[in-house]
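Each remark here refers to the structure printed beneath this line.
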Amino acid sequence: MTSFELAHVFCHDGAGGNPTGLVLDAGALSTADMQALARACGHESGFVVPPADPEVADFQFRYFVPRHEMEMCGHATVGALWLLRERGVIADGAYRIATLSGIVTGAVGARVEITQPLGEVANADRFRDDILDVIGIGREALAEGPIENARTSRTKTLVPIASAEILNAMTPDFSQVEALCTALDSTGLYPYAARSVEPGVFEARQFPRASGYPEDAATGIAATALATALLKRRRIAEPAAGITIYQGRAMGALSEIQVRLPRDDPSGTISRCWVSGAVRLG
């Protein structure tokens, strides 16, 4: 019998985290079944199915939000691997996961980490006034640096904010987010602020384009997009140490995401990033 479980991923001090519905044995479910379960859950949901080619991947994961299927979902991937280990389906080790955005590597150990590719970063300053209007701030509330579209598995629009206080006090016009993100060719607005006294630590919020809810408590893909942009602008002092992102404070669900950027080949090239966080059930 198919079991649908709820986990919170990227938790902070045992609380917060982004909820995700998970099905570890979804091979018998149709696309319509998965979509209906995600709609009933009201959150991003992940479904584990047998891989199309066992030589290429150990698992295939599918992801749905209430309104549609997604190519990739960071917190559902971390949550599903964690739950597979908790249920005794897998042991600690490395696993290949087929997704609609390509193969993701998962490392299961003290924490679960998953990979994301380093993607492209493009300037989006021409949308500045439209973005400010939708998120409800003036130009004086912006930090130095460009507004950017950054992509790992999906494109996120990164908006630098002058302080975490301004960030968490914003009251966006959620009714305008989808149209703006469509114009940006982005799947979400991701305003962020650096913590001035803690290098490498940021706060952020995520307003998704068309998920069926207005805000996310934690967004792994957006966190990797931010890390990619900061790396390309040489704003990360020690890439292997990565960055920490706190998200969800404005929702009363403070969450914590870790992103590392190790040099993983003999030439010292950084070719991908790793995202991780704590998980709890319920």
Side-chain angles (χ1 to χ4, degrees), residues 2-5 7 9-10 18 20-31 34 38 44-65 69-120 151-156 187 218-225 227-228 231 239-240 242 257-279:
T2 298
S3 176
F4 190 78
E5 300 188 71
V9 183
F10 302 128
N18 203 3
T20 179
L22 298 171
V23 178
L24 303 185
D25 55 345
L29 297 181
S30 68
T31 296
M34 296 180 200
E44 288 156 297
S45 298
F47 300 86
V48 181
V49 300
D53 184 351
E55 295 296 318
V56 173
D58 302 298
F59 299 100
Q60 182 173 340
F61 288 5
R62 296 182 68 182
Y63 312 95
F64 290 80
V65 290
E69 185 171 8
M70 296 189 301
E71 298 94 340
M72 170 65 192
C73 175
H75 74 282
T77 306
V78 170
L81 284 171
W82 179 88
L83 191 56
L84 284 165
R85 195 260 308 273
E86 289 294 299
R87 296 290 177 258
V89 178
I90 61 174
D92 288 357
Y95 297 91
R96 303 161 300 167
I97 303 153
T99 76
L100 290 179
S101 69
I103 298 294
V104 171
T105 299
V108 179
R111 272 195 169 190
V112 174
E113 288 189 296
I114 62 169
T115 58
Q116 282 292 279
L118 294 185
E120 298 300 317
R151 178 179 182 85
T152 53
S153 284
R154 298 193 306 280
T155 299
K156 300 295 180 182
T187 63
T219 318
I221 300 303
T224 61
T228 294
L231 178 71
I257 306 166
Q258 306 285 336
V259 184
R260 297 188 304 115
L261 297 131
R263 301 182 189 279
D264 54 5
D265 67 33
S267 70
T269 300
I270 299 173
S271 61
R272 58 185 179 173
C273 54
W274 291 83
V275 59
S276 66
V279 185

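None of these values were measured; they are calculated from a predicted model.
Here OG1 of Thr187 is found 3.0 Å from NZ of Lys156. Values are rounded to the nearest 0.5 Å. Distance CD1/Ile114 to CZ/Phe61: 9.0 Å, rounded to 0.5 Å. Distance check: Thr115 OG1 to Arg96 CZ gives 12.5 Å after rounding to the nearest 0.5 Å. Here Thr219 contributes atom OG1 and Ile257 contributes atom CD1; the two are 6.0 Å apart, rounded to the nearest 0.5 Å. Within the model, atoms CD1 of Ile221 and OG1 of Thr155 stand 11.0 Å from one another, a figure rounded to the nearest 0.5 Å. Distance CG/Leu22 to NE2/His75: 8.5 Å, rounded to 0.5 Å.
You'll find the side chain of Tyr63 reaches within 4.5 Å of the side chain of Met72, heavy atoms only. Contact check for Leu81 versus Ile97: side-chain heavy atoms found under the 4.5 Å cut-off. The shortest distance between side-chain heavy atoms of Tyr95 and Leu84 does not fall below 4.5 Å. Ser45 places none of its side-chain heavy atoms less than 4.5 Å from the side chain of Met34. Taking the side chain as every heavy atom from C-beta outward, Val279 and Val112 never approach each other to under 4.5 Å.
Every pair tested for salt bridge (charged side-chain N to carboxylate O under 4.0 Å, His left out) that includes a residue from residues 103-112 fails, sequence neighbours excluded, so the list is empty.
Arg62 meets the salt bridge (Lys or Arg N to Asp or Glu O under 4.0 Å) test with Glu69; sequence neighbours excluded. In this view, Arg263 satisfies the salt bridge (Lys or Arg N to Asp or Glu O under 4.0 Å) rule with no residue, not counting sequence neighbours. The salt bridge (Lys or Arg N to Asp or Glu O under 4.0 Å) check on Glu120 picks up nothing, with sequence neighbours excluded. Phe64 pairs by the ring pair (Phe, Tyr, Trp, His ring centres under 6.0 Å) definition with Phe47, not counting sequence neighbours.
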For Phe10 and Val275: C-alpha separation, side-chain torsions, deciding distance, then whether side chain to side chain contact (heavy atoms under 4.5 Å, CB included) applies. CA-CA 10 Å; Phe10 302 128; Val275 59; 4.1 Å; yes
Side chain to side chain contact (heavy atoms under 4.5 Å, CB included) between Leu118 and Leu261, worked out: CA-CA 9 Å; Leu118 294 185; Leu261 297 131; 3.8 Å; yes
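Between Ala76 and Thr20 the shortest heavy-atom distance is CB-OG1, 3.5 Å. Minimum heavy-atom separation, Ala98 to Ile103: CA-CD1, 3.8 Å. The two atoms that bring Ile270 and Pro239 nearest to each other are CD1-CB, 3.6 Å, heavy atoms only.
Using a 3.5 Å distance cut-off with no hydrogens or angles, the side chains of Ser271 and Thr269 do not pair a donor with an acceptor.
Under the side chain to side chain contact (heavy atoms under 4.5 Å, CB included) rule, Thr224 has a single partner from Pro117, Ser153, Cys273, which is Cys273. The one candidate from Val259, Thr152, Thr228 that meets the side chain to side chain contact (heavy atoms under 4.5 Å, CB included) condition with Gln116 is Thr152.
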Under 3.5 Å, sequence neighbours excluded: what are the donor-acceptor pairs made by side chains of residues 86-93?
| unit_1 | atom_1 | unit_2 | atom_2 | d |
| --- | --- | --- | --- | --- |
| Arg87 | NE | Glu5 | OE2 | 3.4 |
| Arg87 | NH2 | Glu5 | OE1 | 2.6 |
| Asp92 | OD1 | Arg85 | NH1 | 2.7 |

